[in-house]
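One structure below.
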Amino acid sequence: MQPVQKYDPLQQEPVVQQFWESNQTFKFTPVAGRPFYSIDVPPPTVSGDMHIGHAFSYAQMDFVARYKRMRGFNVLYPFGTDNNGIPTERLVEKIKKVKARDMPRQDFIDLCQQTLDRELIPTYIQDWKRIGVSCDFNLLYSTIDERSRRISQSAIIDLHRKGRLFRSEAPSMWCPECQTGISQVECEDKELQSTFNHLVFKTPEGQPLEIATTRPELLPACVAMFYHPSDSRYRHLNGRKAVVPIFGHEVPILPDERASPDKGTGLVMCCTFGDQTDMEWQKAHNLPIREAITPDGRMTELARKYKGMKIHEAREAIIADLKSQHLLTKQEPLTHFVNVHERCGTEIEFIKSKQWFIRMLDLKEDMFKWGEQLHWYPDFMKHRYDNWVNGLQWDWLISRQRYFGVPFPIWYCEKCSEPVFADEKDLPVDPLKDKPPMDKCPKCGHDKFTPESDVLDTWATSSLTPRLVLSLVDSSLHDQVFPLSLRPQAHDIITFWLFKTVLRSQLHHGVNPFRDIMISGFVTLKGQKMSKSKGNVVRPQDVTTKYGADALRYWASTSKLGKDLDYQEKDVVTARKFITKLFNAANFVFMNLDKAGVSGVPSPPADGIHPTDALFLSRLNSVITEATQAFDSYEYSQAKSVVENFFWKEFCDNYLEIVKTRVYSGGESEQKSALFGLYTILKYMSQMMAPFTPHITEYLWQIHFRKFEKTESIHLSEWPTVRELPADDRAPTKLETLMGITARVRQAKTQNQKSLKEPIILTLPADQADLLGPDVLEDLKAVTAAREVKNGEFSVVFAE
RNA sequence: GGGGCCGUGGUCUAGCUGGUCAUGACGCUGCCCUUACAAGGCAGAGGCCGGGAGUUCGAACCUCCCCGGCCCCACCA
């Protein structure tokens with residue numbers, strides 16, 4: 001690294017990163033005797049670009065990683081990418097302009113893997129390196145690599161052994177677009193335009209019965225009609241039948257609490273399956289199941305002339321026919337919220353299919369306990385976990401009728417359908433290519449098997465990240481790094497990733513996978529959540545190419561943990577100013593050390609530290625204490641603001657100015673003490689800022705500090721600890737007084753339009769002068785350019 | 001409907017285990033080319049801390065109610 005006249009982050013940051021890369025600064029090299037600190041880094045989904053929310057939250061976890069490293073922990077901080085399942089498939093389909101369904105399965109899988117390896121992952125990781133995350137990129141995993149497939153499949157077999165895995169044919173949430181079953185957590189609300197259609201059923205005697213529905217295409221699947229038991233309009237119909245319009249089949253009319261009198265006409269049709277209530281009714285009243293919709297979102301034979309139509313086509317056609325038969329009495333437009341698949345926005349259907357599930361609903365009570373045992377930062381985030389557990393209604397559907405994912409390690413006997421699981425030693429397997437571990441079905445002795453073609457839900461693998469992390473280090477270390485120390489993540493995936501990781505670890509190992517949870521907030525723009533569809537995204541790449549990574553990180557450190565932060569470019573500009581300021585302050589300090597010919601680590605003079613320097617060093621001590629405490633509870637923003645305030649207001653505005661005279665022309669001891677103070681404070685401050693702005697601080701370390709310090713990188717140096725000073729209870733008061741007087745003198749000069757160098761005659765109350773003492777008073781005289789200090793009421797008189 | 005977070009000068013924010021003049025930044029005004037720094041320095045103006053009630057000697061900070069914004073979950077015939 002070469003010294004530069006002006007520090008340009010855009011030029012220097014790549015140099016610093018190159019330095020880290022070639023020195024393997026962040027390589028995981030456990031030192032015996034040191035405690036471990038392991039981090040369950042979120043593997044970002046490979047989906048195009050990093051976005052600023054990523055940068056925000058990865059920067060925050062990196063502050064902690066760097067801090068812990070400096071505190072002497074063996075920090076295990078690997079990097080992973082999550083890259084299988086529907087998001088990856090959709091991305092590959094988009095950039096390669098293919099359709100998974102239109103090509104041979106294996107070709108598509110190969111294409112996905114190649115695209116990831118050759119294009120996506122390498123460029124994707126660059127974004128993370130560019131913001132300066134200090135992961136050990138040698139410890140790299142992908143959720144689809146061989147190791148992950150083996151671990152994931154092995155875990156499935158483990159669940160099977162523990163009786164937690166089951167296969168069942170039942171109605172479950174289904175995405176007709178992606179043509180796969182999905183889990184509760186993959187749904188989201190979307191407000192859609194729809195129409196409330198009032199249509200007419202009839203009793204066998206011809207008496208009209210009006211209902212209102214948004215989904216007339218489900219008429220062929222209608223199995224009953226309900227009214228509320230207290231609804232006197234319909235009570236007389238109990239036990240009677242109704243004839244479904246167009247389709248003509250008869251269904252019972254029944255009372256049920258779940259029908260609300262004030263919705264629509266108070267009479268509702270139940271179709272298998274329009275929504276969750278329909279499923280409850282079907283079960284409760286033991287109704288038949290009529291399937292009207294196919295897995296690809298078309299009408300079945302039940303729909304007769306509408307067979308083969310897509311859902312919305314059938315809806316239109318049926319409405320038209322109802323109209324022509326005068327069975328449609330009213331249409332009201334309405335906007336309502338419907339459940340859609342978060343990956344593609346398609347409305348969810350409930351479709352009967354054979355799926356694998358992880359049984360977990362029986363564990364709700366335990367889930368609350370698990371959440372209780374974790375340390376939540378900030379603590380209120382735990383409510384979200386509890387709230388989610390409370391609302392759980394489904395076991396976890398983990399099979400996906402997709403292609404690019406971890407295969408189920410299962411075959412079925414062709415004769416008796418008995419599932420046969422792979423042998424642990426053969427993992428990972430692909431049942432479509434590999435043979436089952438036995439020749440004959442253990443149940444019926446048949447010798448032919450059908451491979452399972454479903455793949456695992458991508459969360460089924462990413463919920464195993466603690467194990468993936470473990471697999472990257474020597475097994476002799478496992479006991480020391482597991483449970484992991486920290487799970488950092490954003491609050492949007494508490495219900496996905498956090499919940500599922502805890503569940504899996506408890507199911508497999510009976511313990512929580514990590515101890516601390518650090519939840520970061522979102523980045524908003526003018527109070528709005530950023531999203532591509534709104535078009536209000538800020539690209540972190542644009543920020544780093546304009547202001548650099550340190551500025552971006554510094555900005556990310558200004559909001560407190562868990563809080564959303566509104567992005568404003570001016571805040572990044574502020575960050576850059578800090579970097580420049582630090583650079584210049586360091587120049588000043590080292591220029592003077594140079595001039596004075598200091599060669600070894602600056603040390604206090606033999607006759608003791610000058611009282612003024614002691615005041616600032618004592619203040620430094622409390623800054624160290626505060627910053628350390630803040631960091632220990634993951635309050636990085638507080639740590640940063642304490643250090644930064646000290647740097648700007650006290651070190652630069654006051655200390656540098658106060659000691660200048662002693663540095664330039666003081667006696668030997670006076671100068672030595674000042675140089676010692678300057679060096680010590682600058683060093684400790686740089687170290688405490690290093691987690692936030694790692695590039696500029698590393699630059700300073702290499703260019704300046706390295707002449708005196710042995711440690712090869714500031715990020716491997718030891719976090720500052722409090723220095724012993726002569727006890728002085730009044731140090732804070734003295735410091736306040738000193739800086740207060742300085743400020744008042746500056747004010748007087750400014751108000752009188754004088755230069756700050758303007759000589760004055762300063763008058764001070766005797767108690768203040770006494771408090772400060774003669775040595776500090778000398779410094780005060782120097783910094784205020786006072787020719788003389790008199791006793792009396794405070795005043796500033798200009799000499800000329 | 002359930003849960004949670006937030007509401008502080010024009011803007012973004014700190015403080016919220018109650019007690020000196022309520023942080024800091026940007027913006028605004030004025031002064032200063034002071035041997036670290038003019039993409040700077042120094043200083044200044046600007047706030048009934050969303051509204052109301054209560055607890056207290058004392059509340060931005062605790063309690064209750066209301067208003068507003070956001071997020072998660074549920075419901076959605």
Side-chain angles (χ1 to χ4, degrees), chain A residues 6-7 184-185 187-189 191-192 194 196-198 211-216 218 225-226 258-260 263-271 274-278 334-339 378 380-393 491-492 494-495 521-522 524 526-529 555 558-560 562-578 580-592 595 637-638 641-642 644-645 648-649 652-653 656-657 660 663-664 742-758 783 785:
Chain A
K6 278 209 161 188
Y7 183 84
Q184 187 176 349
V185 80
C187 303
E188 64 181 16
D189 282 352
E191 190 165 27
L192 291 176
S194 185
F196 222 13
N197 302 287
H198 289 250
I211 63 129
T213 180
T214 54
R215 302 204 56 187
L218 289 176
M225 296 183 87
F226 288 101
R258 282 163 279 205
S260 37
K263 269 192 190 169
T265 63
L267 197 58
V268 56
M269 70 171 182
C270 165
C271 309
D275 62 27
Q276 199 146 333
T277 318
D278 287 340
L334 106 147
T335 50
H336 65 161
F337 285 93
V338 293
N339 250 338
F380 65 80
M381 288 293 181
K382 177 175 175 294
H383 295 296
R384 300 204 185 190
Y385 170 93
D386 288 343
N387 195 227
W388 170 255
V389 171
N390 248 327
L392 278 177
Q393 323 192 26
H491 58 67
D492 54 334
I494 290 177
T495 57
F522 274 154
T524 56
K526 296 191 173 89
Q528 296 279 307
K529 189 173 162 180
W555 161 77
T558 53
S559 103
K560 76 185 249 190
K563 213 181 156 182
D564 293 352
L565 179 64
D566 213 55
Y567 177 81
Q568 296 200 114
E569 187 163 342
K570 67 182 182 58
D571 293 332
V572 185
V573 176
T574 308
R576 191 177 54 180
K577 287 168 88 164
F578 166 78
T580 307
K581 186 88 174 169
L582 182 60
F583 175 80
N584 287 318
N587 271 352
F588 171 77
V589 171
F590 287 101
M591 191 179 73
N592 286 298
K595 270 192 200 155
S637 64
Q638 205 186 328
S641 90
V642 167
E644 190 204 359
N645 261 331
W648 212 289
K649 291 287 160 205
C652 291
D653 289 358
L656 290 190
E657 297 303 329
K660 268 180 184 170
V663 167
Y664 294 148
T742 312
R744 290 181 72 180
V745 172
R746 282 175 179 159
Q747 198 173 338
K749 289 185 178 175
T750 302
Q751 276 165 3
N752 288 283
Q753 309 201 350
K754 303 283 189 187
S755 156
L756 292 180
K757 266 166 70 181
E758 189 73 19
V783 74

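Note on naming: letters A, B, ... go to the chains in the order of the sequence lines (proteins, then strands), and numbering restarts at 1 for each one.
- With sequence neighbours left out, the ring pair (Phe, Tyr, Trp, His ring centres under 6.0 Å) criterion links A:F522 to A:H491.
- Using Watson-Crick or G-U wobble geometry with both donor-acceptor distances under 3.5 Å, B:A14 finds no partner in any strand shown.
- The listed nucleotides are B:A36, B:C42, B:C32; the one nearest the side chain of A:A585 is B:A36.
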Look for any protein N or O under 3.5 Å of an N or O in nucleotides 19-26 of chain B and output each such pair with its distance, or none.
from	atom 1	to	atom 2	distance (Å)
B:A25	O2'	A:T574	OG1	2.6
B:C26	OP1	A:K577	NZ	2.7

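- The base-pairing partner of B:C33, taking Watson-Crick or G-U wobble contacts with both distances under 3.5 Å, does not exist among the strands shown.
- Nucleotide B:C5: paired with B:G69 (Watson-Crick or G-U wobble, both distances less than 3.5 Å).
- The shortest side-chain heavy-atom distance between A:Y385 and A:V389 falls under the 4.5 Å cut-off.
- In this model, the phosphate group of B:G44 is approached by a side-chain N or O of A:Q747 to a distance below 4.0 Å at OP1 or OP2.
- At the phosphate of B:U11, neither OP1 nor OP2 sits under 4.0 Å from any side-chain N or O atom of A:K526.
- For A:L582 and B:G41, the CG to P distance is 13 Å, given to the nearest whole Å.
- Of the candidate nucleotides B:U34, B:C76, B:C5, B:U34 has the atom lying nearest to any side-chain atom of A:L756.
- For B:C76, there is no paired base (Watson-Crick or G-U wobble, both distances below 3.5 Å).
- Across all strands, A:I494 comes closer than 4.0 Å to no nucleic acid atom at all (heavy-atom distances).
- Pairing for B:G44 is with B:C28, a Watson-Crick or G-U wobble pair whose two hydrogen-bonding atom distances lie under 3.5 Å.
- In this model, a side-chain donor or acceptor of A:N387 finds a partner on the base of B:G2 within 3.5 Å.
- With sequence neighbours excluded, the residues that form a ring pair (Phe, Tyr, Trp, His ring centres under 6.0 Å) with A:Y567 are A:W555.
- The two residues A:M269 and A:D278 make their nearest non-hydrogen contact at O-OD1, 4.2 Å.
- In this pair, A:Y664 lays its aromatic ring flat on the base of B:U35, centres within 5.5 Å and planes under 30 degrees apart.
- Partner assigned to B:U63 is B:A53, using Watson-Crick or G-U wobble distances below 3.5 angstrom.
- What separates CG of A:N390 from P of B:G1 is a distance of 18 Å, to the nearest Å.
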